[in-house]
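Letters A, B, ... are given to chains in the order of the sequence lines, protein chains preceding strands, and every chain is numbered from 1. Note that the coordinates shown come from a computational prediction; the quantities given were computed from them, not determined experimentally.
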There are 2 protein chains.
Amino acid sequence: MSTLTKKSTEMQNNILIVEDDMAIREMMAFSLRREGFDTFKAASGHEALEQLNQVNPDLIVIDWGLPDMSGIDLIDMIRRDEVIREVPIIMLTARAEESDKVKGLERGADDYLTKPASMLELMARIRAHLRRSQGFEANHQIEYKGIVMDADAHEVSVDGELLSLSLTEYKLLKLFLQNPNKLLARDHILNHIWGRNTFVEDRTVDVHILRLRKALKKHNKEKWIQTVRGVGYKLINQ
Amino acid sequence: MSTLTKKSTEMQNNILIVEDDMAIREMMAFSLRREGFDTFKAASGHEALEQLNQVNPDLIVIDWGLPDMSGIDLIDMIRRDEVIREVPIIMLTARAEESDKVKGLERGADDYLTKPASMLELMARIRAHLRRSQGFEANHQIEYKGIVMDADAHEVSVDGELLSLSLTEYKLLKLFLQNPNKLLARDHILNHIWGRNTFVEDRTVDVHILRLRKALKKHNKEKWIQTVRGVGYKLINQ
DNA sequence: CAAAAATGTAACCAATCTGTCATAATGATT
DNA sequence: AATCATTATGACAGATTGGTTACATTTTTG
């Protein structure tokens, strides 16, 4: 699996820290690593965007005052990106002014802490957000009309029978199961499975769709993946 | 729809306030109602559980120190309940002690505020949580007199029956649905569907209108697209 | 290390979509 | 009613699109 699509279900959680003050940044990174997180660091908005082209963090901590752009602007850009849009964001600020707090939360941050922030509280809030964004169930199962995907076991079964899938097929099916009945455009699929900036052909998606269809066909679920000409594919019911 | 299953997509959000201090409770309720939320109140843990048997709130604000049980215990019970388990919870406390904060977050609260809490900040945090718990899944539908276009599924149905459309027809219909009862000039249509500088004939629009009309005809919606001689077309109500 | 599996591309074909034209139908104007 | 202007319709060819197979390359497995 490439670094690009690194996601967090079975592995450690990735946290991206965006903070220009080196001392604070390193201190946070240190604490987070000690707690078992994988950390990625950025000292500016642009560095952050660069990082986001290479990692899909599970949570982002953003300093309000960055040298090149405001934290708010960075949040805006993240929330507009199709792939990472939903990542939880914790804002960090030196000013205790309430208007900032409110502004940050209104504009897309999920949480807000005032510096000097207690590491303990930051950790607790990070864990609270991760807990929520990764679901409550201990064993992550997605189910849709007889197709059951067990993320922990990395297994898929159709009407009880195990389905043998390659990794790409698995990820593809997972994407479909997470968005049943929704049209997934080709480039959307590309972005989510291969990452934002890979040089994979459009047609490659088709081939993998074909392979996934074949796998489903063996279990009499032939017509589950519907083609929408000119746009993409859709997982449908029957 | 029964009160029990009241969920929040189309209607106001329900907020449950669990707080024993009447002054604070009423103040919060007042502010929340003014902001357009539906509020439900409980002065104790037991009252809260009673309320939860009747309403499914979209978010719960819980005071740390309740007369009959600790807020933490209440959270535990909520998180163990199959139905409401995932509701966002904001803890409220008079003590500023950090250990409480951390404990609350570790045990299942999603957020934590210290009293005296600023109403503005509480509102902002409530909205941030609601946005996350429901905002991302808004499904984009356009509806006009029995024609329902689901942008996520890329589907159109007429009186429940699915309509099969080519991409251009789909875009055309979308344009009409976005501007019902409005006259759409030919060049307006051209600009919106083919782009500003394409070399497509005016007459091409007619052909696609024809095709769209045919598709609608199959579902007894023959006369929906009206010709306005010399100008363009209009989507009308039968 | 050899064999098997997985992956990304290219190439071919079939289905479908699209734009244009010719002609018919309709409406407006005189 | 005759003429002109505009739109509807059907047919057609070329373009686009997606399904499929084959193959080279990489990765994994035994």
Side-chain angles (χ1 to χ4, degrees), chain A residues 1-5 154-156 162-176 183-195 197-218 222-236, chain B residues 154 156 163-176 183-195 197-218 221-236:
Chain A
M1 186 198 282
S2 85
T3 327
L4 281 166
T5 53
H154 207 269
E155 265 177 6
V156 185
L162 266 187
L163 197 57
S164 164
L165 295 177
S166 84
L167 184 55
T168 314
E169 285 150 27
Y170 178 89
K171 287 197 251 174
L172 195 51
L173 181 55
K174 183 173 171 189
L175 188 58
F176 276 118
L183 171 70
L184 300 180
R186 256 198 198 65
D187 57 342
H188 184 269
I189 296 175
L190 273 173
N191 283 339
H192 274 78
I193 294 191
W194 281 270
N197 42 6
T198 39
F199 309 96
V200 177
E201 302 283 327
D202 265 29
R203 311 303 277 91
T204 301
V205 176
D206 305 21
V207 178
H208 284 282
I209 290 281
L210 171 76
R211 288 168 182 161
L212 179 53
R213 276 178 174 154
K214 269 185 189 163
L216 290 172
K217 194 172 186 172
K218 283 183 193 151
E222 213 178 325
K223 300 187 172 169
W224 281 67
I225 297 172
Q226 195 183 54
T227 304
V228 179
R229 257 187 100 83
V231 199
Y233 298 90
K234 189 170 29 165
L235 180 70
I236 57 163
Chain B
H154 206 267
V156 184
L163 198 57
S164 163
L165 296 176
S166 86
L167 189 54
T168 314
E169 286 149 28
Y170 179 90
K171 287 195 244 174
L172 195 51
L173 180 55
K174 183 173 173 188
L175 187 59
F176 277 118
L183 173 65
L184 298 180
R186 256 197 199 68
D187 58 338
H188 184 264
I189 296 176
L190 271 173
N191 284 337
H192 272 77
I193 295 191
W194 281 269
N197 38 9
T198 38
F199 311 97
V200 178
E201 302 282 328
D202 264 30
R203 299 282 117 222
T204 302
V205 176
D206 304 23
V207 179
H208 282 283
I209 290 282
L210 172 75
R211 288 168 181 162
L212 179 53
R213 276 178 173 156
K214 270 185 188 164
L216 289 171
K217 195 171 186 173
K218 283 183 192 152
K221 302 271 168 171
E222 215 176 325
K223 301 187 172 170
W224 281 66
I225 297 171
Q226 197 182 53
T227 304
V228 179
R229 270 184 87 86
V231 197
Y233 298 90
K234 188 166 36 162
L235 180 69
I236 56 160

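No more than 12 heavy atoms of other residues, nucleotides or ligands sit less than 6.0 Å from atom NE2 of B:H192.
Remark: C1' of C:dG19 and CD of B:E201 are 9 Å apart, rounded to the nearest angstrom. The interatomic distance linking B:Q226 (CD) with D:dA8 (C1') rounds to 15 Å, in whole Å. Between A:L210 atom CG and D:dG19 atom P the separation is 8 Å, expressed in whole Å. Distance B:L212 CG to C:dT18 C1': 15 Å, rounded to the nearest Å. In this structure, B:L167 atom CG and D:dG18 atom C1' are separated by 14 Å, rounded to whole Å. Distance, A:D202 CG to C:dT9 C1': 13 Å, rounded to whole Å. The nearest whole Å value for the distance from the NE2 atom in B:H208 to the P atom in D:dT9 is 15 Å. Straight-line distance from the CG atom of A:L165 to the P atom of C:dA5: 15 Å, rounded to whole Å.
Contact of the A:F176 side chain with the A:I209 side chain is registered, since non-hydrogen atoms from C-beta on lie closer than 4.5 Å. Here the side chains of A:L167 and A:H154 are in contact, with some heavy-atom distance below 4.5 Å.
Base engagement by A:T204 is indicated by at least one non-hydrogen atom pair under 4.0 Å involving a base atom. Residue-level contact check: B:Y233 touches the backbone only, with heavy atoms under 4.0 Å from sugar-phosphate atoms and none from bases. Note on A:I209: nothing from the nucleic acid sits closer than 4.0 angstrom, heavy atoms only. At a threshold of 4.0 angstrom between heavy atoms, the contacts of B:F199 are confined to the sugar-phosphate backbone, with no base atom among them.
For D:dG10, one of the phosphate oxygens OP1 or OP2 lies less than 4.0 angstrom from a side-chain nitrogen or oxygen of B:K214. Between A:W194 and C:dT7, a side-chain N or O to OP1/OP2 separation shorter than 4.0 Å is absent. A:T227 has no side-chain polar atom (N or O) that falls below the 4.0 Å cut-off from OP1 or OP2 of D:dG18. OP1 or OP2 of C:dC17 has not a single side-chain nitrogen or oxygen of B:S166 nearer than 4.0 Å.
Side-chain atoms of A:R203 and base atoms of C:dG8 include no donor and acceptor less than 3.5 Å apart. Side-chain N/O atoms of B:R211 and base N/O atoms of C:dG19 include a donor-acceptor pair closer than 3.5 Å.
Residues satisfying the side-chain contact (heavy atoms from CB on, under 4.5 Å) test with A:V200, not counting sequence neighbours, are A:L190, A:W194, A:T198, A:T204.
Sequence order on DNA chain D of the closest nucleotides to B:V207 and B:R229 puts B:R229 first from the 5' end.
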Residue pair B:L235, B:L184: steps toward the side-chain contact (heavy atoms from CB on, under 4.5 Å) verdict: CA-CA 9 Å; B:L235 180 69; B:L184 298 180; over 6 Å; no
Criterion side-chain contact (heavy atoms from CB on, under 4.5 Å) on A:Y233 and A:V205, from CA distance to verdict: CA-CA 10 Å; A:Y233 298 90; A:V205 176; 4.3 Å; yes
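Overall bending of the helix from C:dC1-D:dG30 to C:dT30-D:dA1, expressed as the angle between end axes built from five pairs apiece, is 30° (10° steps).
Remark: the backbone N or O of A:I225 is paired with a side-chain donor or acceptor of A:R213 at under 3.5 angstrom.
The two residues B:L165 and B:V156 have their closest heavy-atom pair at CD1-CG2, 4.0 Å.
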